[in-house]
Amino acid sequence: MLVALAALLHPACHRDNPPGDNNNNGDPGPCGEGWVHIPAGPFEMGVDEYDSRFYLHAPQGTYPKVIVQMSDYCIQHTEVSVASYRECVDASACEEPAQVTEGLGECNYALVPSDREDHPVTCMTWEQARTYCRDWEGGDLPSEAQWEKAARGDSMDGRILPWGDAPVSCTRANYDENGPYNDDTGEGSGYGCFHQYYPSTWPVGYLRTTKGDSPYGVKDMAGNVAEVTLDCFDKTFYARCVEQGCVDPVDVEFEGCWHSARGGTTATEGSHLQTISRGGPGSDEFGTSIGFRCAKAYDP
């Protein structure tokens, strides 16, 4: 079923201007503080099956490459933090994440506020993440098309990393820099750029430079936490939708649906950190490395 995304977005109930920076120069932009405007127009989604950057062929679900037509929309500048989500819980508008502990463990959210309040909230169900976006931020989870355009831009240059062709490094993303443990050398093990297990995430918007930003200035769209999206995963949906001339495609009607999480995590090696990759939990599951950000309709 082809669904228009705009019909899923609705006005905010609790807050007009969520906290956070919209970009690095303090300008709140047309979407308001904490949000980035993604302009209307086509963008290149996915890659060719036999793209030379991949061994044999591109990962399942990332091909064929299609040109997708999009309307204007807004997306959050950073991933949703523990502190932002706690505000919603304290206002009785959101549930606590699916897994919460009294102390600190793999999940960033704890019953008592901690030094992880500025880290991305994790251990959510898909429904909990969507409730926050709809009832607290007045939008919804981003569709896969919205997420990928915000990450890759519309330059049609085929980029598969937000910043372009430059190598993955900790000046751009929080990923598994250390690699798996090597018995022969004793090197490796420990996730993220801080090389630690808990928390391996870094605070939302941690990098103050723009080196790792997407073409629109959106932060952490590669690494840190993977981000759940609105769509049901269907590797053929976007190609079929484009053939029918759809605009703002989103697939929300699918029996046995599970939802992609995009962007990679602190446990993702640099060679697998592409923004085209699709994968993640089922709609009722949670993950210690799964977070989210919200999107909303553009209303100038």
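By convention here, the first residue in the shown sequence is residue 1.
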(Q) Would the distance check show the side chain of Tyr175 and the main-chain N or O of Leu273 forming a donor-acceptor pair, the cut-off being under 3.5 Å? (A) no
Q) For Val228 and Ala129, which heavy atoms make the closest approach, and how far apart are they? A) CG2-CB, 4.2 Å
Q: Kindly work out whether a path of hydrophobic side-chain contacts (I/L/V/M/F/W/Y, heavy atoms less than 4.5 Å apart) joins Val89 to Val204.
A: no
Q | Reported OH-to-CE distance for the pair Tyr85 and Met124, which is rounded to 0.5 angstrom | A | 3.0 Å
Q | Heavy-atom check, side chain of Leu230 versus side chain of Trp126, under 4.5 Å | A | yes
**Q.** Shortest non-hydrogen contact from Thr171 toward Leu207
**A.** O-CD1, 3.4 Å
Q. Looking at residues at least two apart in the chain, or sitting in another chain, which of them share a side chain to side chain donor-acceptor pair (under 3.5 Å) with Asp72?
A. His37
Q) If every non-hydrogen atom of Ser277 is compared with every non-hydrogen atom of His272, which pair is closest and at what distance? A) OG-O, 4.3 Å
Q: Please determine if Glu137 and Lys296 form a salt bridge, counting it only when a charged side-chain N lies under 4.0 Å from a carboxylate O.
A: no
(Q) Rounded to the nearest 0.5 Å, what separates atom NE2 in His259 from atom SG in Cys232? (A) 4.5 Å
Q | Asp157 atom CG, over 12 foreign heavy atoms within 6.0 Å | A | yes
Q: Enter the distance from His195:NE2 to Thr266:OG1 here, rounded to the nearest 0.5 Å.
A: 11.0 Å
Q.
Closer than 4.0 angstrom, basic N to acidic O: yes or no for Arg130 and Asp140?
A. yes
Q. How long is the gap from CG on Asn108 to OG1 on Thr122, to the nearest 0.5 Å?
A. 4.0 Å
Q: Taking Asp248 for its side chain and Ser71 for its backbone only, find out whether a donor-acceptor pair lies under 3.5 Å.
A: yes
Q. Heavy-atom distance under 4.5 Å between the side chains of Arg293 and Val218, does that happen here?
A. yes
Q. Does a side-chain heavy-atom distance below 4.5 Å link Phe233 with Cys257?
A. no
Q. Within the distance-only criterion (no hydrogens, no angle test), does the side chain of Arg159 pair as donor or acceptor with the backbone N or O of Ala151 below 3.5 angstrom?
A. no
Q) Does the side chain of Asp231 come under 3.5 Å of the side chain of Tyr238 through a donor N or O and an acceptor N or O? A) yes
Q | Shortest non-hydrogen separation from Ile290 to Val225 and the atoms involved | A | C-CB, 4.3 Å
Q: Taking all heavy atoms of Asp220 and all of Pro203, pick out the closest pair and write down the distance.
A: OD2-O, 4.3 Å
**Q.** Pairwise side-chain contact, Pro249 with Met70, heavy-atom cut-off 4.5 Å (strictly under)
**A.** yes
Q: Could you list who else is in Tyr191's hydrophobic cluster, with ILVMFWY side chains joined at under 4.5 Å, directly or through other members?
A: Tyr197, Tyr198
Q) Mind checking whether Lys219 and Asn224 have side chains closer than 4.5 Å, heavy atoms only? A) no
Q. Got Val82 and Val121 here, is their nearest side-chain heavy-atom distance under 4.5 Å?
A. yes
Q. What distance do Ser84 atom OG and Trp136 atom CH2 have between them, rounded to the nearest 0.5 Å?
A. 9.5 Å
Q: Please tell me if the side chains of Val36 and Gln76 come closer than 4.5 Å, counting only heavy atoms from C-beta onward.
A: no
Can you give the donor-acceptor pairs under 3.5 Å from side chains of residues 91-98 to other protein atoms, not counting sequence neighbours?
from, atom 1, to, atom 2, distance (Å)
Glu95, OE1, Gln128, NE2, 3.2

Q: List the steps, then state whether side-chain hydrogen bond (donor to acceptor under 3.5 Å, both in side chains) holds for Thr265 with Ser289.
A: CA-CA 6 Å; Thr265 74; Ser289 59; 4.6 Å; no
(Q) Between Trp163 and Val168 (side chain of the first, backbone of the second, donor and acceptor by atom type, cut-off under 3.5 Å), is there such a pair? (A) no
(Q) Determine whether a donor-acceptor pair (N or O, by modelled atom type, separation under 3.5 Å) exists between the side chain of Lys65 and the backbone of Gly158. (A) no
Q. Near Tyr206 OH, under 6.0 Å, is it more than 12 heavy atoms from other residues, nucleotides or ligands?
A. no
Q. What heavy-atom pair brings Ala267 and Asp176 nearest, and what distance separates the two atoms?
A. C-CB, 3.7 Å
Q | Candidates Glu79, Glu144, Glu227 - the one meeting salt bridge (charged side-chain N to carboxylate O under 4.0 Å, His left out) with Arg262 | A | Glu144
Q: Go through Cys294 and Tyr132 one step at a time and tell me if the side-chain contact (heavy atoms from CB on, under 4.5 Å) criterion holds.
A: CA-CA 8 Å; Cys294 305; Tyr132 175 91; 3.8 Å; yes
(Q) Given 3.5 Å as the limit, does a donor-acceptor pair link the side chain of Ser214 with the main chain of Ala150, or not? (A) yes
Q) If you draw a 6.0 Å radius around CG in Asp90, do more than 12 non-hydrogen atoms from other residues or ligands fall strictly inside? A) yes
Q) Does any non-hydrogen side-chain atom of Pro39 lie less than 4.5 Å from one of Tyr298? A) no
Q) How many angstroms lie between SG in Cys133 and CG in Leu141, if you round to the nearest 0.5 Å? A) 4.5 Å
(Q) Hydrophobic clusters here meaning ILVMFWY residues chained together by side-chain heavy-atom distances under 4.5 Å, can you tell me if Val68 and Ile38 are in one? (A) yes
Q) Between the side chain of Asn174 and the main-chain N/O of Cys193, is any donor-acceptor distance below 3.5 Å? A) yes
Q.
Is there a path of hydrophobic side-chain contacts, each under 4.5 Å between heavy atoms, that joins Met221 and Leu161?
A. no
(Q) For the backbone of Gly46 and the side chain of Arg152, can you confirm whether one donor and one acceptor N or O come within less than 3.5 Å of each other? (A) yes
Q | Side-chain donor/acceptor of Thr210 to backbone N/O of Asp213, under 3.5 Å | A | no
